[in-house]
Enquirer: 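Encoded as C-alpha cells, here's the structure I'll be asking about.
For the single chain, residues carry numbers from 1 onward in sequence order. Indexing begins at 1, ligand by ligand and atom by atom, following the structure's order.
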Amino acid sequence: MSKNHRGTGVRTLPARGRGTCPICKKEHIKVLYEQTIDGQQVKICKYCNAALKNKAKAAAPVVQAAAEAPAEESAPAAE
Ligand SMILES: [Zn+2]
C-alpha cells in the first residue's frame with residue numbers, strides 16, 4: 001500500500017474517506033490525515049496537514065537553539 005490517500009484504499013472507507021475538515025470547514029473533502037490537536041485525535045484534509053507540518057518545521061529550530069543555549073552557560077556556573 002504505497003498510496004495511502006488515493007485510489008482503491010480510500011474507496012473502501014466510509015464516504016470514500018470524505019467529510020468535513022474540522023480546521024478549514026471545507027465540505028466533502030478527503031479527510032485522511034490524522035493529527036493530534038489539543039490532545040484530540042482528529043482527521044484533517046491534506047491542506048491543513050501541510051500547514052501544520054510547515055508550522056512545526058518553522059518552530060522546531062527555535063526550540064532546539066533555546067534548549068542548547070542554557071546548557072552551555074550552566075557549565076561555568078557550577079563552580
Ligand atoms: Zn482542512
Enquirer: Around E27, counting heavy atoms of other residues, nucleotides and ligands shown, do more than 12 lie under 6.0 Å from its CD?
Expert: no
Enquirer: For the Zn ion (ligand 1), which protein N/O/S atoms fall under 2.8 Å? Skip waters.
Expert: C21 SG, C24 SG, C45 SG, C48 SG
Enquirer: Apart from V42 itself, which Ile, Leu, Val, Met, Phe, Trp or Tyr residues share its cluster (side-chain heavy atoms under 4.5 Å, direct or through members)?
Expert: V10, L13, I23, L32, Y33, I37, I44, L52
Enquirer: Which heavy atom in C45 sits nearest to a heavy atom in I29, and how many Å separate them?
Expert: CB-CD1, 3.8 Å
Enquirer: Which one of Q35, K43, E34 satisfies the side-chain hydrogen bond (donor to acceptor under 3.5 Å, both in side chains) criterion with N49?
Expert: Q35
Enquirer: Answer yes or no: is there a donor N or O on one side and an acceptor on the other, between the side chain of K30 and the main chain of H5, under 3.5 Å?
Expert: yes
Enquirer: Rounded to the nearest 0.5 Å, what separates atom NZ in K55 from atom SG in C48?
Expert: 10.0 Å
